[in-house]
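Below you'll find the structure, written out as structure tokens, and then a few comments.
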Amino acid sequence: RLLPMGIGLVSANYRLSPAVQHPAHIRDAAAAFAWAAGHIADYGGDPKTLYVAGHSAGAYLAALLAVDPTHLTDQGVSPARLGGAIPISPFLYVEETAPERPMTVWGTNPDDWLAASVTPHIQPGRPPMLLLYADGDDDWRKAQNERFAAAMQAAGNDVRAEELPSRDHRSIIDKINAP
């Protein structure tokens, strides 16, 4: 469905906890972006129009990659190469999410949770972002998306959040090809 619209897709994965702990996940996402930035032209893609997207935890990684430029610079890629992000049903505020998740993901230190969050990176000059979430997502997840979009807008960024009707956390991605 995307290719006829001139949109190519590189699908990448990342290592999962408990085998690894943050920041291994975001390093994997940044490495995948660096690979795409360096090789997309070999496959007919335009290296000047690169975006990141993901669903759920992958959406958190896409958002973090967009707002924290250190992950791309650590890979030798200019953050300016990232044209934007499309997080789909992400959680965003790790300091709120981590206490309810296994400690193998972000550890037990609340300072580490905050460092892994989007919170310290809500600043001007970030790439455009379209946050998509389902009307059937949990209320806390919807609230995080709306709050993050508002905070990023207040910082002067082009960010918006859209609620998709008749979807839940799983069907928002299962029905990605539906109109």
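Along the sequence shown, the residues carry numbers beginning at 1.
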Listed once per pair and sorted, the salt bridge (Lys or Arg N to Asp or Glu O under 4.0 Å) pairs that draw on residues 29-42, sequence neighbours left out: none
Selection residues 104-130 - residue pairs positive for salt bridge (Lys or Arg N to Asp or Glu O under 4.0 Å), sequence neighbours left out: none
Atom pair OG (Ser56) and CZ (Arg170), whose distance is rounded to the nearest 0.5 Å: 9.5 Å
Test item: Asp168 side-chain N/O and Ala134 main-chain N/O as donor-acceptor pair under 3.5 Å: no
Residues clustered with Leu2, ILVMFWY side-chain links under 4.5 angstrom: Met5, Ile7
Residue pairs passing the ring pair (Phe, Tyr, Trp, His ring centres under 6.0 Å) test where at least one lies in residues 67-98, sequence neighbours excluded: Tyr60-Phe91, Phe91-Trp106
Ring pair (Phe, Tyr, Trp, His ring centres under 6.0 Å) contacts in which one or both residues fall within residues 129-158, not counting sequence neighbours: none
Which atom of Ala62 lies closest to which atom of Val52, heavy atoms considered: O-CG2, 3.7 Å
Salt bridge (Lys or Arg N to Asp or Glu O under 4.0 Å) pairs, two or more places apart, involving residues 49-63: none
Spacing of OG1 belonging to Thr49 relative to CZ belonging to Arg81, to within rounding of 0.5 Å: 10.0 Å
Over 12 foreign heavy atoms within 6.0 Å of CZ, Arg101: yes
Any residue meeting ring-ring contact (aromatic ring centres under 6.0 Å, His included) with His55, in chain and number order, not counting sequence neighbours: His169
Path from Ile26 to Ile122 over hydrophobic side-chain contacts below 4.5 Å: yes
Linked hydrophobic residues, Leu164 as query - side chain contacts closer than 4.5 Å: Ile86, Ile88, Leu130, Leu132, Ile172, Ile173, Ile176
Minimal non-hydrogen separation, His25 against Ser17, with atom names: NE2-OG, 2.9 Å
Phe33 CZ to Leu82 CG distance, which is reported to the nearest 0.5 Å: 4.5 Å
Shortest non-hydrogen contact from Gly54 toward Ala59: O-CB, 3.2 Å
Closest non-hydrogen atom pair between Ala98 and Met103, with its separation: O-CE, 3.2 Å
Side-chain (Asn157) to main-chain (Pro127) donor-acceptor, under 3.5 angstrom: no
For residues 72-79, please give each side-chain donor-acceptor pair under 3.5 Å, one per line with the distance, not counting sequence neighbours.
| unit_1 | atom_1 | unit_2 | atom_2 | d |
| --- | --- | --- | --- | --- |
| Thr73 | OG1 | Pro69 | O | 3.3 |
| Thr73 | OG1 | Thr70 | O | 3.1 |
| Ser78 | OG | Ala80 | N | 3.1 |

Within-4.5 Å side-chain heavy-atom neighbours: Met152 and Val67: yes
Pair listing, salt bridge (Lys or Arg N to Asp or Glu O under 4.0 Å) test, anchored in residues 145-160, at least two apart: Glu96-Arg147, Arg160-Glu162
Co-members of Tyr51 in a cluster of I, L, V, M, F, W and Y side chains, linked at under 4.5 Å: none
Shared hydrophobic cluster for Leu9 and Leu3 (ILVMFWY, side-chain gaps under 4.5 Å): no
Pro90 to Arg141 - nearest heavy-atom pair and separation: O-CG, 3.3 Å
His121: partners by ring-ring contact (aromatic ring centres under 6.0 Å, His included), with sequence neighbours left out: none
Shared hydrophobic cluster for Tyr14 and Val105 (ILVMFWY, side-chain gaps under 4.5 Å): yes
Shortest non-hydrogen contact from Asp46 toward Ile40: C-CG2, 4.0 Å
